[in-house]
Amino acid sequence: MSLDAPTRDAAALAYARQTYRSATVHHRGRGWYDITIPEFEWDGTPCTLVNHFRVALAPSQEGRGLHETAARQALMALHSVGWAIPELNIQSAEGFPGRADLCVIPAGGRSIGYEIKTEKDNLSRLAHQVRMYDQCFAERVLATTPRHLAGADQLLPETWSLIVLDPITHEIVELQRLPQPQEQDLATERLILEELHVEELNALLHNLGVTRTHTMNNDQRRALLNTHYDVATLRGLALRTLATRENARVTATRLGTT
């Protein structure tokens with residue numbers, strides 16, 4: 001099968017989560033991946049299938065996303081206070097997995113999803129990505145270079161904001177239009193919490209005095225946490241947990257700190 005993803009690791013995770021919703025993957029080398037499935041445990045340890053599948057790069061895959069980091073930094077600088085989460089796992093209304101280039105949670109608590117299209121990208125998946133972002137974020141923004149503006153005008157709904165990036169530095173050149181927020185906001189309601197791994201969820205439960213967690217699956221762990229905390233408090237705990245991660249694809253960065 002073929003998956004369109006910014007990196008081989010992202011493709012591996014998207015493939016794994018088509019079957020196991022909370023799976024994590026580890027690259028063993030030469031494209032081979034282990035898959036860890038928190039829903040299945042042996043003696044309290046999540047099961048890992050070694051060298052379970054292999055991901056091969058498409059010819060153009062290595063040239064994509066080279067300037068996304070610069071674009072992310074420029075977009076994050078728009079927000080003086082809040083949280084930033086690169087590559088948050090999102091999903092379509094039909095349940096197909098994807099990733100958001102950047103999710104920002106400003107101080108007000110409503111999510112902003114940024115889709116970034118650099119000079120190395122094309123717009124072949126933008127229509128699908130628009131539907132996915134509409135499913136997950138209160139505000140949706142396309143940040144792209146002048147090369148893509150004509151195509152973006154054809155594909156982008158009026159509810160989306162459009163930011164123009166410099167094609168070389170990927171700094172922000174112009175804000176062409178403002179977003180029109182919607183009520184639906186799965187990112188703040190549950191997607192951030194769903195990023196937490198089994199050991200991270202267990203740590204939050206242990207802080208509540210819940211120690212018999214080895215027989216639970218992650219849905220049960222999250223449901224139990226939701227009985228103890230309101231959505232905003234639990235989201236804050238999840239963000240602070242993501243902020244402690246090291247060498248992980250999905251982390252959280254507090255904005256407005258030095």
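All values below come from the heavy atoms of this structure, side chains included, with hydrogens, waters and symmetry mates left out. Note that this is a predicted model, so its numbers are computed, not measured.
- Evaluation of the side-chain contact (heavy atoms from CB on, under 4.5 Å) rule for Ala150 yields no partner, not counting sequence neighbours.
- In this structure Asp185 satisfies the side-chain contact (heavy atoms from CB on, under 4.5 Å) test together with Arg110, Ser111, Ala138, Ala187, Thr188, Glu189, sequence neighbours excluded.
- Listed by chain and residue number, Glu68, Glu87 satisfy the salt bridge (charged side-chain N to carboxylate O under 4.0 Å, His left out) test with Arg72 (two or more places apart in sequence, or in another chain).
- Between Pro179 and Glu139, the shortest heavy-atom contact is CG-OE1, 3.3 Å.
- Across Val198 and Pro38, no two heavy atoms sit closer than the pair CB-CB, 3.9 Å.
- Here the CG-OG1 distance, from Leu13 to Thr24, works out to 8.0 Å after rounding to the nearest 0.5 Å.
- Residue pairs meeting the side-chain hydrogen bond (donor to acceptor under 3.5 Å, both in side chains) criterion with at least one member in residues 141-152, sequence neighbours excluded: Glu119-Thr145.
- Gln73 places no side-chain N or O within 3.5 Å of a backbone atom of Ala70 that could act as its donor or acceptor partner.
- The stretch residues 225-250 participates, sequence neighbours left out, in no ring-ring contact (aromatic ring centres under 6.0 Å, His included) pair at all.
- Residues Ile192 and Ile85 approach most closely at CD1-CD1, 4.3 Å, considering heavy atoms.
- Annotation: the span from Leu193 atom CG to Arg221 atom CZ amounts to 12.0 Å, rounded to 0.5 Å.
- With sequence neighbours excluded, the residues that form a salt bridge (charged side-chain N to carboxylate O under 4.0 Å, His left out) with Arg222 are Asp219.
- Contacts of Glu200 classified as salt bridge (charged side-chain N to carboxylate O under 4.0 Å, His left out), with partners at least two apart in sequence or in another chain: Arg245.
- Pairs of residues two or more places apart, or lying in two chains, never qualify as ring-ring contact (aromatic ring centres under 6.0 Å, His included) while including a residue from residues 178-200.
- Partners of His27 by ring-ring contact (aromatic ring centres under 6.0 Å, His included), not counting sequence neighbours, listed by chain and number: Tyr33.
- In this structure, CD1 in Ile112 is found 9.0 Å from CG in Leu102, a value given to the nearest 0.5 Å.
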Expected list for residues 152-163: side-chain donor-acceptor pairs under 3.5 angstrom, two or more places apart:
| unit_1 | atom_1 | unit_2 | atom_2 | d |
| --- | --- | --- | --- | --- |
| Thr159 | OG1 | Arg140 | NH2 | 3.4 |
| Trp160 | NE1 | Asp134 | OD1 | 3.0 |
| Ser161 | OG | Arg177 | O | 2.6 |

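- Thr169 places no side-chain N or O within 3.5 Å of a backbone atom of Asp166 that could act as its donor or acceptor partner.
- Under the side-chain contact (heavy atoms from CB on, under 4.5 Å) criterion, Tyr20 pairs with Ala23, Ile35, Ile37, Phe40, sequence neighbours left out.
- The backbone N or O of Tyr114 lies less than 3.5 Å from a partner atom in the side chain of Tyr133, making a donor-acceptor pair.
- Looking at Thr233, its side chain never comes within 3.5 Å of a backbone N or O of Asp230 through a donor-acceptor pair.
- Remark: Arg131 engages no residue in a salt bridge (charged side-chain N to carboxylate O under 4.0 Å, His left out) (not counting sequence neighbours).
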